[in-house]
Participant: 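The following block contains the structure, expressed as structure tokens.
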Amino acid sequence: MVLVMKKSQIIEQLIISQFQQDFSELEHKAVVETEDEHHFVVTVISDAFINKKLLERQRMVYASLGDKFATGEIHALSLKTFTHEELKK
């Protein structure tokens with residue numbers, strides 16, 4: 001039996017894998033929501049975002065997705081980024 005991953009699962013794995021590689025000492029979480037597997041709402045929680053501006057945070061997440069936009073695998077993405085402390089507020 002061959003298991004096929006949904007795009008939302010692939011996005012989540014890519015983000016978490018990259019953040020774990022770059023910031024192994026920190027805890028990270030990514031939640032990917034979608035209704036159609038083409039448009040995604042991604043929430044990333046990581047203390048790697050501490051003292052980072054919104055644009056820097058977005059670049060960090062987009063970098064983890066590699067060429068998924070250029071190839072058309074990801075069409076639209078809405079991104080929310082938080083540190084663990086920000087999420088508590």
Participant: To the nearest 0.5 Å, how far apart are CD in Q20 and CD in Q13?
Facilitator: 10.0 Å

Participant: Is the number of heavy atoms from other residues, nucleotides or ligands within 6.0 Å of NE2 (H39) greater than 12?
Facilitator: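 Atom NE2 in H39 is packed in, count exceeds 12.
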
Participant: For the atom pair CD (E27) and CD1 (I45), what is the distance rounded to the nearest 0.5 Å?
Facilitator: 9.0 Å

Participant: Within the side chain of S24, is there an N or O that forms a donor-acceptor pair under 3.5 Å with the backbone of Q21?
Facilitator: no

Participant: Testing the 3.5 Å rule here: is there a donor-acceptor pair between the side chains of S8 and E33?
Facilitator: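 Short answer, no.
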
Participant: In this structure, would L26 and I50 fall into the same cluster of hydrophobic residues linked by side-chain contacts under 4.5 Å?
Facilitator: no

Participant: What distance separates Q18 CD from H28 NE2, expressed to the nearest 0.5 Å?
Facilitator: 10.0 Å

Participant: Do the side chains of L77 and V41 join up, straight or via other hydrophobic residues, at under 4.5 Å, putting them in one cluster?
Facilitator: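 Hydrophobic grouping puts L77 apart from V41.
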
Participant: With F19 as reference, evaluate D22, I16, I15 under the side-chain contact (heavy atoms from CB on, under 4.5 Å) test and give the passing residue.
Facilitator: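 Checked D22, I16, I15 against F19; only one passes side-chain contact (heavy atoms from CB on, under 4.5 Å): I15.
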
Participant: When rounded to the nearest 0.5 angstrom, what distance separates CZ in R59 from NZ in K53?
Facilitator: 11.0 Å

Participant: Check whether any side-chain heavy atom of H84 lies under 4.5 Å from a side-chain heavy atom of K29, and answer yes or no.
Facilitator: no

Participant: E12 and side-chain contact (heavy atoms from CB on, under 4.5 Å): which single residue from V44, V42, V32 fits?
Facilitator: V32

Participant: Is F49 reachable from F82 through a run of hydrophobic residues whose side-chain heavy atoms are each under 4.5 Å from the next?
Facilitator: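 Cluster IDs for F82 and F49 differ.
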
Participant: Is E35 salt-bridged to K6, cutoff N-O under 4.0 Å?
Facilitator: no

Participant: Do V31 and L87 belong together in a cluster built from hydrophobic side chains that touch within less than 4.5 Å?
Facilitator: no

Participant: When you check the side-chain N and O atoms of E85 and T83, is any donor under 3.5 Å from an acceptor?
Facilitator: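 Short answer, no.
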
Participant: Measure the spacing between NZ of K7 and CD of E37 and express it to the nearest 0.5 Å.
Facilitator: 7.5 Å

Participant: Look up atom CD1 in I11 and atom CD1 in I74, then write down how far apart they are to the nearest 0.5 Å.
Facilitator: 4.0 Å

Participant: Can M5 be reached from L14 by stepping across I, L, V, M, F, W or Y side chains whose heavy atoms are under 4.5 Å apart?
Facilitator: yes

Participant: Check the pair F40, L79 against side-chain contact (heavy atoms from CB on, under 4.5 Å), reporting the backbone distance first and the verdict last.
Facilitator: CA-CA 8 Å; F40 302 92; L79 187 57; over 6 Å; no

